[in-house]
Amino acid sequence: MRFRFIEERGCDFPTNRLCQVLDVTAHGPRAHRNRPACQRQRSDMVVLVYIKEQPRLSLGSCGRPRMTKELRDSGLNVGHRRICRLMRKDCIRLERSKTY
């Protein structure tokens with residue numbers, strides 16, 4: 001969280017000053033950038049690919065409950081909170097059709 005803040009605000013303030021204020025070493029942000037993704041992040045990327053593909057298959061009418069059921073049926077062990085978090089993080093929204 002701190003390293004992401006330093007990366008975002010690095011153009012506004014000197015990086016070494018931000019590191020002092022946030023009480024991290026000067027080499028920390030660079031080490032954070034070069035660190036490989038953890039197991040959770042890798043599995044989130046796989047689930048996100050499935051989430052992005054699912055609305056295309058259902059013509060944009062697939063919400064969180066149906067998405068969770070579809071992904072569980074395809075063999076992924078996911079919960080509705082994780083689906084909701086990933087959809088919110090990637091700004092995936094349900095396209096509701098108007099009924100007259």
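Atom set for the values below is all heavy atoms of this structure, side chains included, hydrogens, waters and symmetry mates excluded.
In this structure a side-chain-to-backbone donor-acceptor pair under 3.5 Å is present from R72 to V78. Of the possible polar contacts, none joining the R64 side chain to the C84 backbone as a donor-acceptor pair under 3.5 Å is found.
Taken from CZ in F3 to CZ in R35, the straight-line distance is 6.5 Å, to the nearest 0.5 Å. One finds the CG atom of L86 at 4.5 Å from the CD1 atom of I51 (value rounded to the nearest 0.5 Å). The line from CG of L48 to CZ of R85 is 10.0 Å long, rounded to the nearest 0.5 Å.
By the 4.5 Å heavy-atom criterion applied to side chains, N77 and L71 are not counted as neighbours.
The minimum heavy-atom distance between L22 and R2, with the atom names listed, is O-NH1, 3.2 Å.
For the side chain to side chain contact (heavy atoms under 4.5 Å, CB included) with C19, the qualifying choice from N16, V21, T15 is T15, the only one to do so. Of the residues listed (R82, H80, R81), the one engaging T68 in a side chain to side chain contact (heavy atoms under 4.5 Å, CB included) is H80, and it is the only one.
Judged as a side chain to side chain contact (heavy atoms under 4.5 Å, CB included), and not counting sequence neighbours, the contacts of Q41 are A37, C38.
Following chains of ILVMFWY side-chain contacts shorter than 4.5 Å, one cannot reach M45 starting from V47, and the two form parts of different hydrophobic clusters. Note: the hydrophobic cluster containing M87 also contains V46 (ILVMFWY, side chain heavy atoms under 4.5 Å, direct or indirect links).
The pair D44-K89 does not count as a salt bridge, with every side-chain nitrogen at least 4.0 angstrom from each carboxylate oxygen. One finds a salt bridge joining D90 and K52 here, because a Lys/Arg side-chain nitrogen approaches an Asp/Glu carboxylate oxygen to under 4.0 Å.
Counting heavy atoms of neighbouring residues, nucleotides and ligands inside a 6.0 Å radius, atom CG of D12 exceeds 12 of them.
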